[in-house]
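Source: prediction; values computed, not measured.
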Amino acid sequence: MQNSTTKKELSDEELFHLSQAFKDEIHNNTDIELLAHIFETYVKKLTPAQFVHLFLLNKENGLYIVNDPQKRSIIPSPSKSILSECLQTDAPQLINDIKRSARYDHTIDNPFEYHLKNLLLLPLHDINNAPFAVIWAGIPKGNIKQFIQKDIDNVTLLAKQISYEKPFTSESEAEKESETQEDQTKNESNTIEPTDSTTFVKKIKSLFFKKHKHR
């Protein structure tokens, strides 16, 4: 029997409060796994997705899955897969009923081997409009809910909160930023601190490249 539980559409006021709550939760958090968990949790609140993961871009290893016990990295095939399409077009991919998609490659698009029915992929961008991550969201078989454009809009709204940060144009720049962050903090102690939402991209990138530059 299909799960007929529906997710009530969020009002503008509810969306605003969720957005503010998200800002509060990322404040002063510097752990990459915790930051990813917070973001994943809010994507579930904004959409009918039951499975959500954050994939971080890594030029050397493809995509690194945060909070993955198996520490997997994915290198999408350039010719096939919904994930490849997302990266190549730099645009959201909304697929309801993946078994009907000729592009679906379960080894790339569903590395978790979930009993998956619907898939939503959304690239995240920094202030320079460069992609640095992909949100992976799925709805399982047996659930009649589908992704709609409103889900893309809601997650995009949330993602915009993390994009107003000093842009990183390369991995080497991100590494340099992470290595000199302490000195910069001392030198800029009298400047105005960035808003909570604008620090998320900086935290994600600097922590990621600091942890994985020697992998």
- How many angstroms lie between atom CG of L57 and atom CZ of F132, to the nearest 0.5 angstrom? 9.0 Å
- Can you find a heavy atom in the side chain of S81 that is under 4.5 Å from one in the side chain of Y104? no
- Query: What residues form a side chain to side chain contact (heavy atoms under 4.5 Å, CB included) with F112, not counting sequence neighbours?
  - Reply: H53, F55, I65, R72, N110, Y114, W136
- Query: Going only through I, L, V, M, F, W and Y residues with side-chain contacts under 4.5 Å, is there a path from L157 to I38?
  - Reply: yes
- Message: Can you tell me how far apart OG1 (T47) and CD1 (I152) are? Round to the nearest 0.5 Å.
- Response: 11.0 Å
- Message: Which residues pass the ring-ring contact (aromatic ring centres under 6.0 Å, His included) test with Y42, not counting sequence neighbours?
- Response: F22
- Query: side chain to side chain contact (heavy atoms under 4.5 Å, CB included) with T107: which residues, sequence neighbours excluded?
  - Reply: D105
- Item | Test side-chain contact (heavy atoms from CB on, under 4.5 Å) applied to F147 and I95, step by step | CA-CA 8 Å; F147 290 118; I95 308 295; over 6 Å; no
- Message: Between N118 and I139 (side chain of the first, backbone of the second, donor and acceptor by atom type, cut-off under 3.5 Å), is there such a pair?
- Response: no
- Inter-residue atom distance H17.NE2 - D12.CG, 0.5 Å rounding: 11.0 Å
- Item | For D90, salt bridge (charged side-chain N to carboxylate O under 4.0 Å, His left out) partners two or more places apart | none
- Task: May I have the step-by-step check of side-chain contact (heavy atoms from CB on, under 4.5 Å) for I74 and Y64, ending in yes or no?
- Result: CA-CA 7 Å; I74 301 174; Y64 166 71; over 6 Å; no
- Query: Once you round to the nearest 0.5 Å, how far does CG of L35 lie from CD of E40?
  - Reply: 10.5 Å
- Query: Are the side chain of E14 and the backbone of S11 linked by a donor-acceptor contact shorter than 3.5 Å?
  - Reply: yes
- Note on the structure: Value for CD1 (I108) from CZ (R103), rounded to nearest 0.5 Å, stands at 14.5 Å
- Can you find a pair of side-chain heavy atoms, one from L46 and one from L15, that are under 4.5 Å apart? yes
- Q149: what forms a side-chain hydrogen bond (donor to acceptor under 3.5 Å, both in side chains) with it, not counting sequence neighbours? D153
- So how far is it from T41 OG1 to L18 CG, rounded to the nearest 0.5 Å? 11.5 Å
- Message: Do V134 and L122 make a side-chain contact, defined as non-hydrogen atoms from C-beta onward lying under 4.5 Å apart?
- Response: no
- Please report the closest heavy-atom contact between A133 and L54, naming both atoms and the distance. CB-CD1, 3.9 Å
- Query: Do you know the tightest heavy-atom contact between Q146 and P48?
  - Reply: O-CG, 3.8 Å
- I148: what forms a side chain to side chain contact (heavy atoms under 4.5 Å, CB included) with it, not counting sequence neighbours? K150, D151
- Item | Main-chain N/O of N143 paired with K117 side-chain donor or acceptor, under 3.5 Å | yes
- Message: Just to verify, what does E113 make a side chain to side chain contact (heavy atoms under 4.5 Å, CB included) with, not counting sequence neighbours?
- Response: none
- Task: Evaluate the criterion side-chain contact (heavy atoms from CB on, under 4.5 Å) for residue pair L56 and V66; output intermediate values, then yes/no.
- Result: CA-CA 7 Å; L56 290 178; V66 184; 3.7 Å; yes
- Message: Walk me through whether S73 and L63 qualify under side-chain contact (heavy atoms from CB on, under 4.5 Å).
- Response: CA-CA 5 Å; S73 292; L63 291 158; over 6 Å; no
- Look at D68 together with K71 and state whether they make a salt bridge at an N to O cut-off of under 4.0 Å. no
- Can you name the closest pair of heavy atoms from P140 and F51 and give their distance? CB-CE1, 3.7 Å
- Side chain proximity check, P123 to C86, heavy atoms < 4.5 angstrom: yes
- Query: Do P131 and H125 have side-chain heavy atoms sitting under 4.5 Å apart?
  - Reply: yes
